Amino acid sequence: MSGYRLARGGRIDRNRPVAFRFDGRDYSGFAGDTLASALVAGGVTLLGRSFKYHRPRGLLGMGAEEPNALVTVDRGPARITPNLRATQVALHDGLVASSQNRWPSLKFDVVALNDVFGALFPAGFYNKTFMWPRAAWEALYEPVIRRLAGLGESPVARDPDHYDATYAHCEVLVIGGGIAGIEAALDAAQTGGRVILIDDQDDLGGGALSDAALWPLLTDLKARLAGCANVTVLGRTTAFGYYHQNFIGAVESLTDHLAPAEATGPRERLWRIRAGEVVLAQGAIERPLVFDGNDVPGVMLASAGRTLALRHGVAVGRAVVVMAAHDSGWRDALAMAEAGVTIAAIIDIRDVVPGDLAEAARAAGIAVHTGCAITHVSGRHAVKGVTFAAAGTGPERHIACDAVLMAGGWTPSVHLWSHGKGSLAWSEAWGAYLPGTAIENCRAVGACAGAWSLGSGVITAVLPNRKPVRAQKAFVDFQNDVKARDIHLAVQEGMRSIEHIKRYTTNGMATDQGKTSNLNGLQIASTVLGRPVADIGLTTFRPPYTPQTFGALMGHHKDALFQPVRKSVIDDWATAQGAVFENVSNWRRARYFPRGGETMEAAVLRECAAVRNAVGMFDASTLGKIEVVGPDAAEFLNRMYTNPWKGLQPGRCRYGLLLREDGFIMDDGVSARIADDRFHLTTTTGGAARVLGMMEDYLQTEWSDLDVWLTSTTEQWAVIALQGPMARAVIAPLVEGIDLDGAAFPHMAGREGTIAGVPTRLFRVSFTGELGFEINVPAHEGRKVWDAVHAAGQAHGITAYGTETMHVLRAEKGFIIVGQDTDGTMTPADMGLDWAVGKKKPDFVGKRSLARPDMDAPGRKQFVGLLTEDAGELLEEGAQVVADPDAPIPMPMIGHVTSAYRSAAAGRTIALAVIADGRARIGQTVFIPMPGRVIRAKVTAPMFYDPEGSRLNA
Amino acid sequence: MILIHCPYCEEDRPEVEFTYGGQAHIARPLDPAALDDAEWESFLYIRSNPRGRHAERWRHAHGCARFFNAIRDTVTDRFEVTYKAGEQAPDGAAR
Ligand SMILES: [Zn+2]
């Protein structure tokens with residue numbers, strides 16, 4: 001193909017030349033060009049390499065359907081966008097683009113050897129070949145496939161652009177800005193409601209932009225549109241998905257069409273539009289013809305040739321042959337001829353074509369060959385000529401040419417219609433599916449509804465040829481390199497449904513979603529199976545209509561705005577102290593407080609020792625808290641938790657264990673009875689919302705007779721855990737109204753009074769095994785009380801500690817963390833928490849399930865401790881435990897490590913685990929296989945410090 | 001993004017405000033201990049999985065926090081009706 005710029009014509013601005021680069025070479029086009037049209041005008045034929053065979057490929061289409069001309073646009077470091085369709089890249093000064101999937105260069109591609117050995121890559125190749133051995137996947141197959149069969153490369157640097165997002169509501173949303181769409185918008189505007197018109201091109205008009213006869217009408221319609229104050233036109237905007245209840249997702253391109261210096265503000269904007277009515281005016285896409293050599297660069301759709309000539313003033317070649325099965329090919333040829341393009345011949349598969357077209361072609365001096373089909377295309381990197389024959393099998397004739405235009409009929413674009421779950425109806429006249437019945441308030445107009453005449457024609461599966469299909473390079477899916485022979489093979493090998501044929505051949509599975517290949521693939525399958533197309537089905541269209549950037553879909557939801565971060569009132573203090581933080585559900589929690597460059601290990605050992613030997617303070621504000629109030633509060637808790645609650649006296653606390661109805665542990669926490677009708681519940685940090693939701697569920701739907709109110713108070717209380725032998729001494733001078741004496745205020749008691757002048761619910765509880773208090777104060781006073789306790793503690797060597805130390809201290813005592821030591825399949829008995837289950841209670845959530853025989857069957861995993869033989873060896877959490885490390889692989893696993901730490905108190909490493917029949921294995925040695933070695937450990941009770949609990953009651 | 005009608009708020013609100021609560025009209029037995037294992041299994045695990053109309057529970061979690069019931073078509077994802085907890089399912093609703 002040797003395209004060139006026509007002397008006149010087109011909608012480009014010849015007074016505004018635009019300089020750009022492609023594959024390192026300088027080119028020039030005009031304002032109004034696309035990258036594709038400017039390259040064709042510059043004589044470029046070869047635009048890319050195909051995905052699988054690396055075959056040389058040129059332009060096929062004119063818009064979103066383009067499967068071949070995928071380019072990478074480079075807008076500077078970190079602004080590299082791969083896989084853009086050159087037909088949809090607006091030309092601007094300084095544009096830098098390159099072709100893809102070639103090495104070392106577009107013209108001399110090493111991997112094109114794939115094509116020479118093309119017989120090695122038949123349909124189902126991936127399914128058949130890469131089955132065994134499995135290890136070869138990672139080592140060999142996947143890297144090789146990725147290298148050979150790739151699209152563009154992703155940028156490696158962080159995207160510096162930002163992306164906007166907005167919502168819109170309208171009475172009528174029109175998608176598609178061709179004549180049909182504009183007219184629908186104008187009609188809708190008459191009603192006075194809000195109207196939005198979306199179009200993906202730089203200029204409204206759709207197909208009419210390629211038809212000079214329609215330009216006056218277009219000008220008039222656009223002027224009327226501009227006069228409607230209630231119509232919003234979104235140009236350069238792609239509606240990519242149609243969701244329930246007329247909710248449409250669209251991305252507006254804001255700066256990609258501008259020279260980098262002019263590109264300010266967000267790059268793209270995501271529109272979420274809720275519409276009363278949706279009008280789809282997506283138009284139709286021309287269908288390629290399937291014949292030997294139909295992918296040689298220079299073979300393209302007739303509509304693309306027409307658009308290049310009429311809209312961009314570009315001739316696709318100096319001698320153009322049209323291969324038609326449809327009237328529109330003749331009209332395109334005639335329009336191009338009038339625009340100054342030399343049409344060498346029109347070949348039509350039909351014996352008879354409408355008289356007016358034949359007459360017009362003769363009048364234009366165009367050679368006409370009806371009843372004929374192209375049987376071969378010569379040229380590898382560019383078309384050099386075609387061979388054709390009557391009915392594909394008669395004597396062959398040759399025409400020298402440098403471009404071939406295919407007119408295989410039209411496929412109405414029903415993508416969004418299908419996203420919206422509208423039904424489709426097969427139309428014999430179109431040889432395509434048309435919109436049937438809508439589910440949403442939606443209608444289709446114009447060509448996508450089959451309501452726009454593009455002429456008539458015949459639908460052919462594969463053009464007739466003396467050569468058998470298996471000997472032809474007749475492509476169906478250009479982007480995924482699927483040939484007619486692949487579909488034949490798939491059917492031969494037993495595929496019957498189009499969904500199977502699609503997956504076996506990958507037809508229609510590329511980034512273009514088969515916009516030019518689905519119907520041809522169906523037609524071929526139908527012919528081979530000898531069944532009507534409508535019986536074979538149609539593959540499902542799914543969003544997005546065209547690929548969209550992750551940036552646009554994310555919008556502002558990144559970095560600090562990715563997810564809300566919950567911070568306690570102590571967060572500022574911890575930050576000032578140099579705390580290292582970790583995220584626990586949405587909370588940001590201080591993990592440890594390193595001093596002078598300490599490692600985490602050193603800091604945690606120091607913090608642990610401080611709590612055991614003196615006193616430590618810990619921000620426990622993130623604990624979930626629920627205030628349970630009402631005359632039936634105790635009855636309600638009695639039904640929810642495994643424990644008995646009715647006998648708990650006001651002023652006392654209790655460890656509560658919560659099961660799901662299936663009997664497995666869901667959450668736990670210490671709760672206090674404040675009064676007869678009032679409880680202060682705590683939950684795990686991550687479980688707060690789940691627990692409240694579950695309690696509300698039972699209260700609202702099962703026990704609505706109970707008079708109980710649940711209120712989340714997690715954010716209302718700041719909680720300071722003060723733990724260690726000096727804890728009482730620290731708060732003694734600050735507390736008023738509470739007798740702190742051990743006898744008056746024993747372990748698991750709760751009192752109300754003041755601390756540092758602030759009202760408090762003070763609980764004597766311990767998650768460390770030491771004497772301890774949890775100081776609950778109103779959140780807004782939390783920092784004040786924290787500072788007061790910290791100051792009062794100085795004389796006693798008070799040390800702030802974080803979540804890591806909290807974890808170690810509780811593990812030394814064998815206190816579980818739900819979700820770490822349990823995994824959703826553990827019962828109270830499994831975890832050694834039988835004591836927390838009220839045996840005499842007639843019912844509680846999960847009780848009936850605990851009575852199932854399997855729930856205390858032998859072989860269940862039980863919570864135990866592990867001590868490695870090497871006291872310095874730290875096990876990995878999640879590591880599998882086996883009884884016999886010499887057992888054949890796959891080795892039977894008997895459990896796994898749930899927690900492992902270095903313990904200052906034990907003077908060695910410790911671990912917790914769940915192991916089958918673990919309590920019966922206490923004293924035995926188990927094995928933890930790791931890469932290259934096996935670690936030996938002794939099973940112990942899950943208790944490594946102060947087993948008598950004497951320190952608790954100090 | 002579906003809009004769901006909360007029968008308590010009497011508003012159509014976006015689905016992100018709601019959480020799904022499984023099949024509706026399955027009452028927890030008043031005396032679970034009286035059930036044999038098969039009956040308890042049936043209550044706990046056995047659910048209908050219709051292609052079409054389905055009576056199910058929803059909670060307006062980020063709104064009024066109330067549980068309510070709905071008839072939804074599992075093919076089209078359309079809500080036919082929503083109604084308050086404790087109210088009868090409309091005539092003909094799938095159970
Ligand atoms: Zn509500």
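Chain identifiers are assigned alphabetically (A, B, ...) following the order of the sequence lines, protein sequences preceding nucleic acid strands; residue numbering begins at 1 within each chain. Quantities reported herein were computed from a predicted structural model and do not represent experimental measurements.
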Interatomic distance, [X] atom [atom1] to [Y] atom [atom2] [nearest 0.5 angstrom]:
X: Glu661(A); Y: Arg28(B); atom1: CD; atom2: CZ; result: 4.0 Å
X: Gln245(A); Y: Glu15(B); atom1: CD; atom2: CD; result: 8.5 Å
X: Met1(B); Y: Arg272(A); atom1: CE; atom2: CZ; result: 7.0 Å
X: Arg660(A); Y: Leu44(B); atom1: CZ; atom2: CG; result: 9.5 Å
X: Thr701(A); Y: Ile26(B); atom1: OG1; atom2: CD1; result: 11.0 Å

Problem set entry | Under 4.5 Å from any heavy atom of chain A - which part of Ile2(B) |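 For Ile2(B), backbone and side chain are both near chain A.
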Regarding [X] and [Y], does a basic nitrogen lie under 4.0 Å from an acidic carboxylate oxygen?
X: Glu440(A); Y: Arg78(B); value: yes
X: Asp77(B); Y: Lys421(A); value: no
X: Arg274(A); Y: Asp12(B); value: no

Exercise. Under 4.5 Å between any side-chain heavy atoms of Pro853(A) and Asp37(B), yes or no?
Worked result: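 Result yes, sub-4.5 Å side-chain heavy-atom pair found.
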For this session: Taking the side chain as every heavy atom from C-beta outward, state whether Asp662(A) and Tyr45(B) have any pair of such atoms under 4.5 Å apart.
Result: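 Contact flag for Asp662(A)/Tyr45(B) side chains = yes.
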Problem set entry | Donor-acceptor under 3.5 Å (Arg848(A) side chain, Leu35(B) main chain) |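 Indeed, once roles are kept as given, a pair shorter than 3.5 Å links the two residues.
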For this session: Mark yes when over 12 heavy atoms from residues, nucleotides or ligands other than Glu87(B) sit less than 6.0 Å from its CD; otherwise mark no.
Result: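 Counting other residues, nucleotides and ligands, CD of Glu87(B) exceeds 12 neighbours.
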Exercise. Would you find more than 12 non-hydrogen atoms of other residues, nucleotides or ligands less than 6.0 Å from Ile46(B) atom CD1?
Worked result: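 Buried by this count: over 12 neighbours within 6.0 Å.
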Exercise. Using a heavy-atom distance cut-off of less than 4.5 Å, which residues of residues 537-545 of chain A contact chain B?
Worked result: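 The list, in residue order, is empty: none.
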Problem set entry | CA sep, side-chain torsions, deciding dist, call: Glu696(A), Phe67(B), side chain to side chain contact (heavy atoms under 4.5 Å, CB included) | CA-CA 9 Å; Glu696(A) 282 286 353; Phe67(B) 283 84; 4.3 Å; yes
Problem set entry | Listed partners of Arg59(B) passing side chain to side chain donor-acceptor pair (under 3.5 Å), at least two apart |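 Per chain and number, Arg59(B) pairs via side chain to side chain donor-acceptor pair (under 3.5 Å) with no residue.
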Exercise. Going through the distances and angles, do Arg57(B) and Asp697(A) end up as a side chain to side chain contact (heavy atoms under 4.5 Å, CB included)?
Worked result: CA-CA 10 Å; Arg57(B) 306 178 335 130; Asp697(A) 192 346; 2.6 Å; yes
Problem set entry | Top contributor to chain B contacts, counting heavy-atom pairs under 4.5 Å, from Lys847(A), Glu702(A), Gln700(A) |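 Going by pairs under 4.5 Å, I would pick Gln700(A).
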For this session: Pick whichever of Thr76(B), Val75(B), Asp31(B) has the most heavy-atom pairs under 4.5 Å with chain A.
Result: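 Max contact count across the listed options: Thr76(B).
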For this session: Can you tell which part of Ser849(A) gets under 4.5 Å to a heavy atom of chain B, answering side chain, backbone, both or neither?
Result: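 For Ser849(A), backbone and side chain are both near chain B.
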